[in-house]
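Here the structure comes first, spelled out in structure tokens, and everything after it is commentary.
Whatever order the structure lists them in is the order used to number ligands and atoms, beginning at 1.
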Amino acid sequence: MIRDIHYYRCKFSRRTKQNKLGLGVSLSAGEAPNKPVLLLSVIELIERGQIQRNRIELSPELISTFLKFWHDLNIQRDPNIGLPFFHLRTDGFWHFKAKPGFEFMESRASKIKVRSVSGLQQAVEYAYLDLELFTLLMNPGSRAELTLLLIENWFPNQIQQIERSLKFDVFDDLQNQLRASGGKVYSREEVEQEDKQTAIVRDGAFRRIVTNAYDYRCSFCGLKILNNLENIVDGAHIKPFSQFYDDKINNGLSLCKNHHWAFDRFWFTINDDYTLEIADTLYEDSPDTPTLKTFEGRQIYLPNREDYYPRLDALAWHRQQFREKAS
Ligand SMILES: [Zn+2]
């Protein structure tokens, strides 16, 4: 069968008794519309340019968009993006690129079910679509046609609601709210009650805001590398989130992978005047790039707003750990 727009129109339709060709998205009785909600979420990210390659990751953008539709459509179940992310495979156009050691996930014949978000993150690098479908979704005309078909087929009574939802960039809105308030400190109860999906969205928002505030540059060494939507830095916590639940932007630092690792192990710390202090116990051999010791006494690269500068009590906590480790 030729995999053209007619084929995918059938595939995106609700599978009914009349639809005996076995096409259409399958849904067992009483099941929530997980699959169309995930497809709508993927389409929205393609529309926004947040998916530019045929790789669909369980990113904070995708999860927050899925949760937005779930909420806006008033679906009376607990949302779990892991269900459609795993089960769409049976519809024949959604495939997995597995992580090493989890190759069995790529076979549709495999009986092993991985439907939790954390399990999928462990086993799957990303999902991808048939190249023919991805090409159709990258084209604005065919994308609009398939989106309308999904909405009319699955949510005929909620068309306006979905069209409103599609226009609302929920992850961007969350980041703007957090930027305006300077971020948030959570209570232990809030964090303990958080499910994995909410945790990925919260953490993702913190990391995006922090790295953006430093213009995607490592505050230690100044390194900045961009590659399309990717960059080389992490949004690191000064006081660890696992102990302090502190997602204030001024508890954040943008650090490249090496310097994030070194900072979390107290191989260097930062003074109140934002100068660097390097542990004197390090043995370094680095013929082609500057050693950590080279940065002793230099000031870090600071973010674009003064209220995002690393908070002094957070730095004091980090220095104390650094000194205890040194003694
Ligand atoms: Zn660095």
Side-chain angles (χ1 to χ4, degrees), residues 50 55 57 59-61 121 125 175 178-179 182-183 199-200 202-326:
Q50 289 165 352
R55 279 172 172 237
E57 293 169 40
S59 64
E61 285 87 350
Q121 279 193 324
E125 194 76 43
Q175 290 178 69
L178 290 167
R179 272 194 198 99
I200 291 173
R202 176 189 44 69
D203 194 51
F206 173 81
R207 289 173 195 280
R208 298 281 197 285
I209 293 168
V210 170
T211 53
N212 177 273
Y214 286 79
D215 193 25
Y216 309 104
R217 192 178 291 288
C218 174
S219 55
F220 183 95
C221 68
L223 180 68
K224 172 175 174 176
I225 306 179
L226 304 178
N227 182 25
N228 297 316
L229 296 178
E230 297 173 334
N231 62 67
I232 199 83
V233 285
D234 296 332
H237 289 90
I238 303 172
K239 289 159 92 174
F241 187 82
S242 56
Q243 273 175 269
F244 297 96
Y245 317 119
D246 185 342
D247 267 355
K248 284 279 187 191
I249 303 167
N250 57 16
N251 185 40
L253 267 182
S254 170
L255 290 168
C256 73
K257 309 294 170 192
N258 278 350
H259 297 133
H260 187 182
W261 204 86
F263 184 71
D264 282 352
R265 279 153 194 80
F266 310 103
W267 288 7
F268 70 88
T269 194
I270 302 171
N271 294 308
D272 283 350
D273 60 358
Y274 305 114
T275 56
L276 289 159
E277 187 174 338
I278 317 294
D280 51 19
T281 45
L282 304 182
Y283 165 77
E284 297 183 85
D285 180 17
S286 174
D288 297 319
T289 48
T291 59
L292 265 67
K293 207 69 197 162
T294 322
F295 291 84
E296 176 78 43
R298 278 205 212 171
Q299 199 181 64
I300 60 165
Y301 290 81
L302 288 162
N304 54 11
R305 277 173 53 168
E306 210 165 322
D307 50 338
Y308 295 165
Y309 282 17
R311 210 171 62 233
L312 297 185
D313 73 271
L315 293 180
W317 177 88
H318 192 271
R319 274 199 307 278
Q320 194 190 340
Q321 308 304 308
F322 174 86
R323 308 245 184 274
E324 280 173 18
K325 205 178 165 194

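- Applying the ring-ring contact (aromatic ring centres under 6.0 Å, His included) rule to F241 yields the partners H237, Y245; only residues at least two apart in sequence or on another chain are considered.
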I'd like to know whether E284 forms a side-chain contact (heavy atoms from CB on, under 4.5 Å) with L292, so could you lay out the CA-CA distance, the side-chain angles of the two residues, the decisive distance to 0.1 Å, and finally the verdict. CA-CA 8 Å; E284 297 183 85; L292 265 67; 3.3 Å; yes
Report all side-chain donor-acceptor pairs from residues 217-226 shorter than 3.5 Å, counting only partners two or more places apart or in another chain.
residue, atom, partner, partner atom, Å
R217, NH1, G222, O, 2.9
S219, OG, S254, O, 2.9
K224, NZ, D215, OD1, 3.4
K224, NZ, D215, OD2, 2.9

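- Listed by chain and number, the protein atoms of type N/O/S under 2.8 Å from the Zn ion (ligand 1) are C218 SG, C221 SG, C256 SG, H259 ND1; waters are omitted.
- Residue pairs meeting the salt bridge (charged side-chain N to carboxylate O under 4.0 Å, His left out) criterion with at least one member in residues 241-250, sequence neighbours excluded, are R202-D247, D246-R311.
- In this structure, the ring of F295 has its center no less than 6.0 angstrom from the ring center of F268.
- Proximity of N212 to R179: side-chain heavy atoms (C-beta onward) are separated by under 4.5 Å at one or more points.
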